Number of protein chains: 2
Amino acid sequence: MGSTKLTGDGKRQITSFFVPGDIPDLHGMHLSVLDCTFSSLARASLGFMRHDAMRAICDRHASIAAIFWRSTLIDAAIYREWVTNVGRRDAYTRMAHILCELIVRLHSMGIIKDHVANLPVTQAALADALGLSTVHVNRVLQELRRNGLIFTEGTRFHAVDWAGLVRAGDFDATYLHQRTATTF
Amino acid sequence: MGSTKLTGDGKRQITSFFVPGDIPDLHGMHLSVLDCTFSSLARASLGFMRHDAMRAICDRHASIAAIFWRSTLIDAAIYREWVTNVGRRDAYTRMAHILCELIVRLHSMGIIKDHVANLPVTQAALADALGLSTVHVNRVLQELRRNGLIFTEGTRFHAVDWAGLVRAGDFDATYLHQRTATTF
DNA sequence: CGGAATTTTGATGTCATTCAATGTGTGTGG
DNA sequence: CCACACACATTGAATGACATCAAAATTCCG
C-alpha cells in the first residue's frame with residue numbers, strides 16, 4: 001500500500017509506503033480534502049473506522065489523541081527524509097536507503113526474520129517512489145546485488161549485508177522515531 | 001526560516017520553509033528526538049513556548065489540540081507535495097511551483113500586496129530546497145524572468161504573471177488546505 | 001498453456017552538475 | 001568616504017547521471 005500523487009503531465013510519485021499496522025488515512029481526520037490517493041501495491045486487507053468516531057475518542061482521551069498525533073508526526077518525519085533522499089542522494093544511495101527504511105519498519109512490526117522480507121513491490125513502484133525510471137531502478141538493483149548487499153527471489157527480499165546496506169544507503173533510523181531500538 | 005537535513009556526504013536539503021506565523025517545532029511536541037535542524041535564512045524574530053505547557057493545554061482542550069494537530073498535518077501535506085515536486089518535476093516547473101507555494105502562503109498571512117513579496121531567500125537556499133545546484137537555479141530563474149513570469153529586485157519578488165506562473169509550476173493549492181480560497 | 005505484467009538489456013539523448021571564473025552588491029573598518 | 005572583504009549572482013565549457021526508446025527475456029497467474 002502507498003499514497004500517490006500525480007503531476008499535471010501524468011507522472012506518478014509515490015509519497016509513502018504503508019506497512020502492516022499503519023493507519024493510512026489518519027491524516028484525513030483533520031484534513032477535509034484529500035491531496036493524494038491511496039492505492040494498494042499488492043494484496044492487502046484493511047480495517048475501517050469512521051472519522052467522527054475517531055474524533056470522539058480523541059476528544060475524550062487526550063492520551064490516545066497524542067498517540068495518534070505522534071503517529072502522524074512520524075509520517076511527517078519520514079516525508080522529510082524522503083525529500084532529502086530524492087533531493088540530495090544519488091540513485092544508488094537512494095535505493096539502498098529506502099530498502100533500509102522498509103526493512104526496519106517491517107522488522108519493527110515483527111514480520112521479518114533474518115532480514116528476509118516479503119516485499120511485493122515492483123521495480124516500477126520503486127521508481128515512482130524514488131523519482132527514477134524503471135530502467136534505472138533495475139540497474140541500481142543489479143549493482144546492489146553485484147556488490148553483495150541484497151538478494152532477491154520473486155518478492156522475497158534479503159538484506160545479505162545489512163551493515164553494508166545501511167552504509168550504502170546513508171541510513172540512520174533516527175527519523176523513524178522508534179521507541180525500541182532495532183538491533184539486528 | 002527553514003528546516004534542514006544533512007546527508008552523510010555533507011549535502012544539504014532544506015525540507016521546509018517557514019513563513020511568519022508558522023510554528024516550526026510543533027512536531028517536536030511528541031517527538032523526543034530531533035531529526036532535522038532549524039535555521040534562519042534571514043533576520044527573524046521568534047517566540048518560544050515550553051513543550052510541557054503546550055501539552056498541558058492540549059490535554060485540557062481537545063479543540064485546541066485538534067487545531068495544532070491539523071497544523072502539523074498540513075505540514076505533512078506540504079512535505080508530500082515537495083516529494084512529488086523534487087521527484088517528478090523538472091527544474092523549471094519545480095522552481096515555479098515552490099515560488100507559487102511561497103506566494104500563496106505569504107499571501108494567506110497577509111504580507112503580500114499585488115503578488116509582490118519580500119523573499120529574503122538566496123539562490124543557494126532555493127537550490128537546497130529543490131535538490132538542484134545553485135548554478136542551475138540561477139539559469140532557471142533567468143528563464144522564468146525571460147518568459148515574463150517573475151520579476152526580482154534584491155529580495156523583492158514579483159509574480160508578474162501569476163496565472164502563467166501557476167501553469168508553469170503545475171501548481172494546485174489544494175495541498176495547502178487553506179480554509180479561505182486565495183483569490184488574486 | 002498462453003498472455004500479460006514485469007524484468008532485463010543496449011543504444012542514444014538530455015537535463016542538470018561540476019568546475020572555474022568573473023561580475024555585482026553590501027556592509028565594515030580605517 | 002573610500003577601500004576592502006565577503007556573500008551572492010552570473011557566465012561558459014565540459015562532463016556525467018539518469019532518462020528515453022525499443023526490444024527481448026523472464027516470471028507470474030488464471
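Residue numbering restarts at 1 for every chain, and letters A, B, ... go by the order of the sequence lines. Note: hydrogens, waters and symmetry copies are ignored here, and every other heavy atom, side chains too, is used. In this text the structure is predicted, and so the values were computed from the model without any measurement.
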When the ring planes of B:Tyr175 and B:His97 are compared, do they come out parallel, tilted or perpendicular, using 30° and 60° as the limits? parallel

Parallel, tilted or perpendicular, judged at 30° and 60°: which one describes the rings of A:His158 and A:Phe151? perpendicular

Using a heavy-atom cut-off of under 4.0 Å over every strand shown, decide if [X] touches base, sugar-phosphate, or nothing.
| X | answer |
| --- | --- |
| A:Leu132 | sugar-phosphate |
| A:Gly154 | sugar-phosphate |
| A:Ser133 | base |

With a 3.5 Å distance limit and no angle check, can you tell me whether B:Arg94 reaches the backbone of B:Arg89 through a side-chain donor-acceptor pair? yes

With distance as the sole test, does A:Gln13 use its side chain to make a donor-acceptor pair with the main-chain N or O of A:Ala129 at under 3.5 Å? yes

Could you see if A:Val160 belongs to whatever hydrophobic cluster contains A:Leu141? Use Ile, Leu, Val, Met, Phe, Trp, Tyr and a side-chain cutoff under 4.5 Å. no

d([atom1], [X]; [atom2], [N]) in whole Å:
| X | N | atom1 | atom2 | result |
| --- | --- | --- | --- | --- |
| A:Arg139 | C:dT12 | CZ | P | 13 Å |
| A:Arg89 | D:dC18 | CZ | P | 14 Å |
| B:Leu126 | D:dT10 | CG | P | 12 Å |
| A:Arg94 | D:dA19 | CZ | P | 8 Å |
| B:Arg12 | C:dT17 | CZ | C1' | 18 Å |
| B:Asp128 | C:dA16 | CG | C1' | 15 Å |
| B:His136 | D:dA9 | NE2 | P | 16 Å |
| B:Glu143 | D:dT11 | CD | C1' | 16 Å |

Can you pull out how bent the helix from C:dC1-D:dG30 to C:dA21-D:dT10 is, comparing the axes over its first five and last five pairs, to 10°? 50°

[X], nearest nucleotide to its side chain (from [options]):
| X | options | result |
| --- | --- | --- |
| B:Gln123 | D:dA19, D:dA9, C:dT18 | D:dA9 |
| A:Gln142 | D:dT10, D:dA19, C:dT9 | C:dT9 |
| A:Val135 | D:dG12, D:dC21, C:dT6 | D:dC21 |

Do you see a donor-acceptor pair shorter than 3.5 Å between the side chains of B:Asn118 and B:Thr155? yes

Respond yes when some side-chain nitrogen or oxygen of B:Arg145 is under 4.0 Å from OP1 or OP2 of D:dT10, and no when none is. yes

Do any side-chain nitrogens or oxygens of B:Asn138 fall under 4.0 Å of OP1 or OP2 in D:dT10? yes

Closest-nucleotide 5' rank along DNA chain C - winner of A:Leu141 and A:Arg88: A:Leu141

Rounded distance (nearest 0.5 Å) linking atom OH of A:Tyr79 with atom CG of A:Leu73: 12.0 Å

